[in-house]
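Since this is a predicted model, take the numbers as computed values, not measurements.
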2 protein chains.
Amino acid sequence: MMKSEQIYKLIWMSRPLMQAAENAVELGLDGTGLTVRTRAVLEILYAEDEATVPAIAQKLEINRQYVQLMVNETLADNLTVRCENPRHKKSAIITLTDQGRALIKDVIGREMSLVRSMSAGLNTSEVETALKVVTALIEKLKSNIESD
Amino acid sequence: MMKSEQIYKLIWMSRPLMQAAENAVELGLDGTGLTVRTRAVLEILYAEDEATVPAIAQKLEINRQYVQLMVNETLADNLTVRCENPRHKKSAIITLTDQGRALIKDVIGREMSLVRSMSAGLNTSEVETALKVVTALIEKLKSNIESD
DNA sequence: CAGTCTTGACATTGTACATGTCATTATGAC
DNA sequence: GTCATAATGACATGTACAATGTCAAGACTG
């Protein structure tokens with residue numbers, strides 16, 4: 001098979017991969033009250049410590065209005081709180097509550113141990129290469145779209 | 001970075017990859033009247049020559065009712081036709097019309113040439129490895145889900 | 001302080017499906 | 001053949017994940 005055919009195939013495998021990944025994540029979220037999307041919000045806050053709604057939207061590359069809805073859910077569930085923003089009185093800084101931090105930490109921990117159990121049969125350099133190739137493909141696809 | 005962290009990262013890159021890929025495909029579909037989904041139907045028919053609606057649904061791993069809608073669209077646009085099925089009078093075999101075949105051939109051809117232009121900087125063995133790793137991950141994720 | 005941006009809130013719309021139901025055949029077991 | 005069961009197409013309804021538009025309040029810039 002030619003290289004370009006393999007790349008083509010690889011690109012189209014992104015959908016099954018994503019579906020399988022999200023199904024697996026969803027399973028791990030069972031009982032937590034989280035969805036894949038609210039989980040994504042908590043994950044960002046866990047990594048960044050704090051962020052405004054528009055900042056989260058930029059990270060997730062989806063629009064701020066929808067992120068606002070997701071954040072409002074996490075606020076209602078007491079997983080996050082609004083803190084005063086010294087730079088902008090109307091735009092609150094969102095941070096995790098202790099409860100939220102514990103929850104996302106637990107979720108990510110369980111996901112990581114699942115991944116570890118899947119890592120048998122794959123060696124480090126192969127994974128590294130795969131990561132590099134996929135990163136490059138995303139870059140190339142995006143730049144192709146913008147160049148129109 | 002540890003191997004499992006890299007795998008974790010790779011898995012989560014499937015969404016941006018898929019989005020970038022579908023955006024690129026959508027761009028290539030501009031003016032054809034096709035959507036990413038009807039394109040998928042035509043692609044299967046191009047590869048398989050013929051298929052019933054339930055068979056297409058199985059390939060796409062989505063439910064037959066939705067596939068029926070997509071197929072009906074392609075029938076309305078004269079890209080496919082219903083042929084008699086000797087094995088089942090009610091379930092027509094769907095095949096491409098000459099118009100449909102020419103269209104999907106052209107679309108795939110343009111996609112392939114785009115991929116070729118992106119393949120610089122990636123060598124064959126790297127792509128091969130990436131394909132192998134991603135395939136393995138999909139397998140592992142799916143079997144994990146089923147084992148519950 | 002006038003004009004422009006940013007943010008949050010809310011309403012509307014769209015896409016991509018899943019699910020349920022029904023009538024119409026088909027098929028397989030007897 | 002007959003009868004139970006399954007497969008198919010058609011249609012209705014529901015849902016998750018958003019995009020888009022609009023507005024008012026507040027913030028920032030010159």
Side-chain angles (χ1 to χ4, degrees), chain A residues 14-16 18-23 25-27 29-30 32-44 50-76 80-94 145, chain B residues 12 14-16 18-23 25-27 29-30 33-44 50-76 80-94 145:
Chain A
S14 61
R15 170 170 282 273
M18 195 208 69
Q19 266 170 1
E22 296 206 344
N23 287 341
V25 167
E26 218 166 329
L27 219 66
L29 256 31
D30 209 44
T32 63
L34 292 177
T35 65
V36 176
R37 308 301 144 190
T38 52
R39 179 207 163 287
V41 168
L42 297 189
E43 190 180 26
I44 287 175
E50 55 176 45
T52 61
V53 168
I56 296 169
Q58 205 171 3
K59 285 256 168 199
L60 291 177
E61 297 184 74
I62 56 181
N63 71 17
R64 63 182 184 84
Q65 288 89 336
Y66 187 61
V67 172
Q68 185 78 53
L69 296 178
M70 293 193 284
V71 168
N72 289 350
E73 277 182 55
T74 66
L75 287 165
T80 57
V81 276
R82 315 169 56 126
C83 306
E84 253 183 58
N85 185 350
R87 300 182 49 99
H88 198 302
K89 204 175 280 181
K90 200 175 181 192
S91 179
I93 290 174
I94 312 296
I145 290 163
Chain B
W12 282 109
S14 61
R15 171 170 281 273
M18 195 208 70
Q19 266 170 1
E22 296 207 343
N23 287 341
V25 167
E26 218 166 330
L27 219 66
L29 256 31
D30 208 44
L34 292 177
T35 65
V36 176
R37 309 300 142 191
T38 52
R39 179 206 163 286
V41 168
L42 297 190
E43 190 180 26
I44 288 176
E50 54 176 48
T52 62
V53 168
I56 296 169
Q58 205 172 2
K59 284 256 169 199
L60 292 177
E61 296 184 74
I62 56 183
N63 69 18
R64 64 182 182 84
Q65 288 89 338
Y66 187 61
V67 172
Q68 185 78 53
L69 295 178
M70 294 193 285
V71 168
N72 289 351
E73 277 181 55
T74 65
L75 286 166
T80 56
V81 276
R82 314 170 57 127
C83 306
E84 253 182 59
N85 186 350
R87 300 184 48 100
H88 196 301
K89 204 173 282 183
K90 200 178 180 188
S91 178
I93 289 175
I94 312 295
I145 290 163

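- Considering only side-chain atoms of A:Arg37, the nucleotide from D:dA10, D:dA18, C:dT7 that sits closest is D:dA18.
- To the nearest angstrom, P of C:dC17 lies 9 Å from CE of B:Met18.
- Atom CG in A:Asn63 sits roughly 17 Å away from atom P in C:dA11 (whole-Å rounding).
- Rounded to whole Å, atom P of D:dA16 lies 19 Å from atom CZ of A:Arg39.
- Nucleotide C:dG20 holds its C1' atom 9 Å from the CD atom of B:Gln65, rounded to whole Å.
- Two residues, A:Leu69 and A:Gln19, neighbour DNA chain C, and the one matched to the more 5' nucleotide by heavy-atom proximity is A:Leu69.
- Heavy atoms of B:Arg64 sit under 4.0 angstrom from at least one base atom.
- The nearest whole Å value for the distance from the OH atom in A:Tyr66 to the C1' atom in C:dG8 is 17 Å.
- The structure places CD of A:Glu50 at 10.0 Å from CD1 of A:Ile94, a figure rounded to the nearest 0.5 Å.
- At whole-Å resolution of the value, CD in A:Gln68 and P in C:dA11 are 14 Å apart.
- One interatomic measurement links the two molecules: CZ of B:Arg15 to P of D:dA18, which rounds to 5 Å at whole-angstrom precision.
- By the 4.5 Å heavy-atom criterion applied to side chains, A:Leu75 and A:Asn72 are counted as neighbours.
- Distance check: B:Ile56 CD1 to B:Leu42 CG gives 9.0 Å after rounding to the nearest 0.5 Å.
- Between B:Leu34 and B:Thr74, the closest side-chain pair of non-hydrogen atoms is not below 4.5 Å.
- Atom-to-atom, CD1 of B:Ile62 to P of D:dA16 comes out at 19 Å; the value is rounded to the nearest Å.
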